[in-house]
Visitor: 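Handing you this structure, nothing more for now.
Labels below follow one simple rule: chain letters A, B, ... track the order of the sequence lines, proteins then strands, and each chain is numbered from 1. Hydrogens, waters and symmetry mates play no part in the numbers below; they use all other heavy atoms, side chains included.
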2 protein chains.
Amino acid sequence: MRTSIAPRVSFKAQMLKVREDAIIQVVNRLLAEKGFDAMTVDEVAAGVGIAKASLYKHFPSKEDLAAAAMVKVMRQAQDMCASLPDDAPPLENLRAVTRWTMALKLAGDMPSLPSQNSTLRATLMANHDYMDGLIEVSDRLGAWIEAAQAQGSISKDLPAIAVLYTLYARACDPVLEFLKMGGQYSDEQIITLVMSTCFDGLNARTAPADTAAPTA
Amino acid sequence: MRTSIAPRVSFKAQMLKVREDAIIQVVNRLLAEKGFDAMTVDEVAAGVGIAKASLYKHFPSKEDLAAAAMVKVMRQAQDMCASLPDDAPPLENLRAVTRWTMALKLAGDMPSLPSQNSTLRATLMANHDYMDGLIEVSDRLGAWIEAAQAQGSISKDLPAIAVLYTLYARACDPVLEFLKMGGQYSDEQIITLVMSTCFDGLNARTAPADTAAPTA
DNA sequence: GTCTATAATCAGATAGAC
DNA sequence: GTCTATCTGATTATAGAC
């Protein structure tokens with residue numbers, strides 16, 4: 001994406017970026033653990049190991065803190081999509097992205113935002129980095145969805161937008177945490193299970209798939 | 001459940017119950033709209049039309065307000081389950097409960113709780129009415145799930161607990177609100193769509209089902 | 001830029017009269 | 001039980017020295 005020629009950045013600027021990356025990492029973890037409303041700026045400052053006032057030199061508000069974390073995750077999603085071979089079967093790419101999303105959540109690296117919070121929504125929708133990323137990812141997934149439907153690997157009865165939302169919703173699926181809390185299944189097994197319910201549904205399959213879930 | 005003999009309740013007690021029902025209704029609506037954290041006790045008081053201090057004569061804390069709303073919904077769920085014929089195909093009963101849950105959410109009557117909030121969780125888990133209801137509903141659904149798996153209408157590859165969680169998760173599925181926000185589909189169409197993704201999955205079906213989703 | 005100290009505000013909960 | 005008025009604590013954000 002970015003040119004690798006002449007990274008003319010001062011030492012100070014580099015230090016600043018490192019510091020901000022550390023902040024974002026803490027924010028990301030706290031957002032995943034407790035969500036936006038329960039996360040306090042004091043906790044973030046304590047987690048980074050700097051004073052709260054210093055935080056506000058980097059980010060003008062709590063909302064912007066969360067937005068920065070979301071932008072980082074969105075960038076990762078863009079990179080993930082870009083890394084997939086465009087000549088692969090579209091269904092396989094969709095499955096790979098869905099797996100990646102759920103693995104991120106199970107690892108505690110998926111920030112969870114309340115969809116109702118209006119001030120946060122406003123900040124996020126005003127953030128071009130975030131919105132551009134969201135649109136790019138949606139376009140790419142949308143193209144794969146339509147291609148998969150055209151070749152008959154995703155149901156043609158479903159509007160593409162419903163398929164897209166269903167995949168996005170895996171990023172905040174409570175089934176993942178419920179199964180993890182039970183402690184009965186490994187992260188890999190949980191992902192396999194939810195992949196199965198997502199793509200194959202709960203109904204019995206007439207022909208047993210080779211991607212069958214663990215039976216324990 | 002309760003005996004209908006000699007409802008010996010004073011007029012005052014009746015008035016109190018009416019008032020508390022009104023409170024719970026407001027709480028329910030606000031929980032569905034904004035969630036627990038964003039809901040303020042002042043809003044509840046304003047919605048009911050009484051002073052905040054009066055609220056605290058009825059419920060000792062904000063958490064108990066939310067718990068009361070949850071108990072009410074849980075009771076409704078118990079009644080819904082009890083109303084289903086026990087000799088019907090178990091899959092049909094499961095589908096009926098899932099439909100009912102999503103209709104409740106689309107109507108704005110499904111309180112949304114942050115699964116991370118610890119004080120709320122504690123209050124809820126200490127509430128016997130709620131926990132008893134949850135256990136009864138889970139037992140009933142669990143029995144239907146196992147029966148459906150035994151007769152081959154729900155996949156035997158999935159642990160029953162995973163199926164149960166997947167059904168519960170429909171109560172807070174963001175796909176419902178996303179599709180509703182789009183304004184392109186009616187509530188009925190949305191429910192049909194999500195029912196399809198839930199039970200049939202995203203994959204193409206070899207044999208087209210008669211419960212196919214709208215194609216627009 | 002980082003800090004300590006402090007504003008400013010908001011929300012949950014309570015006191016006390018009636 | 002309901003009210004007005006208030007307390008208390010937590011939290012976002014800022015002032016101002018260094």
Visitor: B:Tyr165: which residues meet the ring pair (Phe, Tyr, Trp, His ring centres under 6.0 Å) condition with it, sequence neighbours left out?
Guide: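 With neighbours one apart ignored, the set is A:Phe178.
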Visitor: Can I get a per-line list of side-chain donor-acceptor pairs under 3.5 Å for residues 127-135 of chain B, giving both atom names and the distance, sequence neighbours left out?
Guide:
unit_1   : atom_1 : unit_2   : atom_2 : d
B:Asn127 : OD1    : B:Asp129 : N      : 3.0
B:Asn127 : OD1    : B:Tyr130 : N      : 3.0

Visitor: Heavy atoms only: give me the nearest A:Leu94-A:Ala148 pair and the separation to one decimal.
Guide: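 Minimum heavy-atom separation between A:Leu94 and A:Ala148: CD1-CB, 4.4 Å.
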Visitor: Looking at DNA chain C, which of residues 24-46 of chain A put a heavy atom within less than 4.0 Å of it?
Guide: none
Visitor: May I ask you to test the A:Val137-A:Gln78 pair for a side-chain heavy-atom distance under 4.5 Å?
Guide: yes
Visitor: For DNA chain C, which residues in residues 54-63 of chain B have a heavy atom at a distance below 4.0 Å?
Guide: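 Those residues whose heavy atoms fall under 4.0 Å from DNA chain C, taken from residues 54-63 of chain B in numerical order, are B:Tyr56, B:Ser61, B:Lys62.
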Visitor: Verify, without hydrogens or angle tests, whether A:Lys105 (side chain) and A:Glu177 (backbone) share a donor-acceptor contact under 3.5 angstrom.
Guide: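 The answer is no, because no donor-acceptor pair under 3.5 Å joins these two groups.
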Visitor: Say you draw a straight line from CE of A:Met80 to CZ of A:Arg99; how long is it, rounded to the nearest 0.5 Å?
Guide: 10.5 Å
Visitor: Would you call B:Asp79 and B:Arg75 a salt bridge, taking side-chain N to carboxylate O under 4.0 Å as the test?
Guide: no
Visitor: Just the endpoints, please: which first and last nucleotides of DNA chain D, 5' to 3', lie under 4.0 Å from a heavy atom of chain B?
Guide: D:dG1 to D:dT4
Visitor: Listed by chain and number, what are the side chain to side chain donor-acceptor pair (under 3.5 Å) partners of B:Asn93, not counting sequence neighbours?
Guide: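 Partners of B:Asn93 under the side chain to side chain donor-acceptor pair (under 3.5 Å) test: none.
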Visitor: Can you tell me how far the CD atom of B:Glu63 sits from the CG atom of B:Leu124, to the nearest 0.5 Å?
Guide: 10.5 Å
Visitor: When you match A:Lys52 and B:Leu16 each to their closest nucleotide on DNA chain D, which lands nearer the 5' end?
Guide: B:Leu16
Visitor: If we count only N and O atoms by modelled type, under 3.5 Å, do the side chains of B:Tyr185 and B:Thr192 hold a donor and an acceptor together?
Guide: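 Not at all, the side chains of B:Tyr185 and B:Thr192 share no donor-acceptor pair under 3.5 Å.
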